[in-house]
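Okay, structure first, notes after.
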Amino acid sequence: MSSDPSRQEAGSAALFAPGAYISGLDGLRAVAVLLVLVGHLGFEKLIPGGLGVTVFFFISGFLITTLLTREARAHGTISISKFYMRRIIRLYPELILLIVVGGTVGLFLYHGVRPIDVAGALGYFTNYLVLHDEVSGGGPGPRWPHLWSLAVEEHFYLTFPLLMWASWRRRGLLAAVLALVCVAALAWRFHVHAAGAPFGLSQTVAQPYTALASEARIDSIAYGCLASLLFQQAGEFLSRRPALSLAAGLVGAAGLLFSLAWRDEVFRYTWRYSLQGLALMGFFIGLYLTPAGVWIRGAVLDLPLIRRLGVLSYGAYLWHMEIVLACGAWSGRAPLDLPLSYKIGLTLGGAVLSFLLAEVSLRVVAPVQRLRHQLFSR
């Protein structure tokens, strides 16, 4: 097994080899977080930051399913307790650091920090807190609204490891359950859009509800899980047919572009997330099962700088909102409303600062992260 990403070949066998580095994923994380940062730092009307979050969701489902499959094959079972301990130690240290530092800064520069904001961040219900504040219309909103995406992920992972543990030997059953989740989420989005958000809320709230609520968005993670299962079941078949796999990749890329270009309201709040999930499945086939995908990973996604940005993506996502809020406190305007020259400077400087803060925070929590590997890895 080669640890050098540039030596990866087209095919799916290496994805499920114990300890194998999954080429390209860190690079995709870097692309996803850059979409989010550039959007939030002033160019959200031009740059699809929401797609960046959807890519994060997909990667998360793909990676978790692949890693749990490796564990199950190597040891005959999946340790649920170790999964949750690894996840807690992976996510909480930098999150707590953000709350302590950001909360302290907020006491002096912003409106302070509500106890419910801290509870929402640590308890992973910021997405519903954002929706509650949308309904009530009172106050400045949650201190860390971007943590809504972490809430969606953690709600999905409350049950998915148990599902994997119970059915990893029966991939057909596992795929059927995940497909049902995707269909149910789509049906729920249609219901919310047609009838207003649940509990009689207005259409103005129904739109962010379909984007933020866990039950409306977990299919973005489930599609990533399905992609991993597809690679297990048909990866070698597809890798022997590079023309078919390349076509799937190109169709997937076209589907992503279409999902951004088509502005119909019903589509944007219902079908869009389903189309993006299916498109990412096709894109991953092209990226991992074709010679062209090998070249893209080696020439772009696995470059050392891009990989490092991907490693720092979680921290950069956490910290970038501090820069957005600081800009608002300093200028009295949101980044979107700044003059173009200011937005360009804020975007460049804010992105660099976000990754620098992520580097510092990762180094601060490094001893705890090492503990995760020492105590809870198989």
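Side chains are part of it too, since the values below use all heavy atoms of this structure and drop only hydrogens, waters and symmetry mates.
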Subject >> Candidate pair Leu362 and Val311, rule side-chain contact (heavy atoms from CB on, under 4.5 Å), full reasoning >> reply: CA-CA 9 Å; Leu362 187 59; Val311 170; 4.1 Å; yes
**OP:** Could you tell me which residues satisfy side chain to side chain donor-acceptor pair (under 3.5 Å) with Thr66, sequence neighbours excluded, listed by chain and number?
**Re:**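 Residues passing side chain to side chain donor-acceptor pair (under 3.5 Å) with Thr66: Ser228.
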**OP:** Any chance you could lay out the side-chain contact (heavy atoms from CB on, under 4.5 Å) test for Tyr288 and Arg297, step after step, and finish with the verdict?
**Re:** CA-CA 9 Å; Tyr288 283 98; Arg297 284 183 279 141; 3.9 Å; yes
Regarding [X] and [Y], does a basic nitrogen lie under 4.0 Å from an acidic carboxylate oxygen?
X: Arg308; Y: Glu359; answer: yes
X: Glu153; Y: Arg87; answer: yes
X: Arg143; Y: Glu322; answer: yes
X: Asp133; Y: Arg114; answer: yes
X: Arg90; Y: Glu154; answer: no

Going from [atom1] on [X] to [atom2] on [Y], what distance comes out if it is rounded to the nearest 0.5 angstrom?
X: Phe231; Y: Leu289; atom1: CZ; atom2: CG; value: 4.5 Å
X: Thr270; Y: Phe190; atom1: OG1; atom2: CZ; value: 3.5 Å
X: Gln232; Y: Leu15; atom1: CD; atom2: CG; value: 9.5 Å
X: Leu178; Y: Cys225; atom1: CG; atom2: SG; value: 5.5 Å

Subject >> Intermediate values then yes/no, side-chain contact (heavy atoms from CB on, under 4.5 Å), Leu357 and Leu318 >> reply: CA-CA 9 Å; Leu357 289 171; Leu318 291 182; over 6 Å; no
Original post:
Taking the six-membered ring for Trp, is the centroid-to-centroid distance between Phe58 and Phe284 below 6.0 Å?
Top reply: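 Centroid separation for Phe58 and Phe284: below 6.0 Å.
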Subject >> Residue pairs involving residues 289-323 (criterion ring-ring contact (aromatic ring centres under 6.0 Å, His included); sequence neighbours excluded) >> reply: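 Pairs touching residues 289-323 that pass the test: His40-His320, His146-Tyr317, His146-His320, Tyr317-His320.
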Original post:
Hey, does the Lys NZ or Arg CZ of Arg189 hover above the aromatic six-ring of Tyr269, less than 6.0 Å from the centre and inside 45° of the axis?
Top reply: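 No; the conditions do not both hold, so Arg189 does not lie above the ring face of Tyr269.
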Original post:
Does Arg307 make a cation-pi contact with Tyr21 (under 6.0 Å, within 45 degrees of the axis)?
Top reply: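 Yes.
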**OP:** For the residue pair Val177 and Ser167, establish whether any side-chain heavy-atom pair is separated by less than 4.5 Å.
**Re:**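 Not touching, per the 4.5 Å side-chain cut-off.
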**OP:** Pick out which of Thr54, Asn127, Thr210 makes a side chain to side chain donor-acceptor pair (under 3.5 Å) with Arg217.
**Re:**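 So, applying the side chain to side chain donor-acceptor pair (under 3.5 Å) to Arg217 and each of Thr54, Asn127, Thr210, only Thr54 qualifies.
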Original post:
Does the pair Ile306 and Asp26 meet the rule for a side-chain contact (heavy atoms from CB on, under 4.5 Å), with working shown?
Top reply: CA-CA 7 Å; Ile306 303 299; Asp26 284 330; over 6 Å; no
Subject >> Member of Leu174, Leu68, Leu173 meeting the side-chain contact (heavy atoms from CB on, under 4.5 Å) criterion with Leu163 >> reply: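 Single side-chain contact (heavy atoms from CB on, under 4.5 Å) partner of Leu163 among Leu174, Leu68, Leu173: Leu174.
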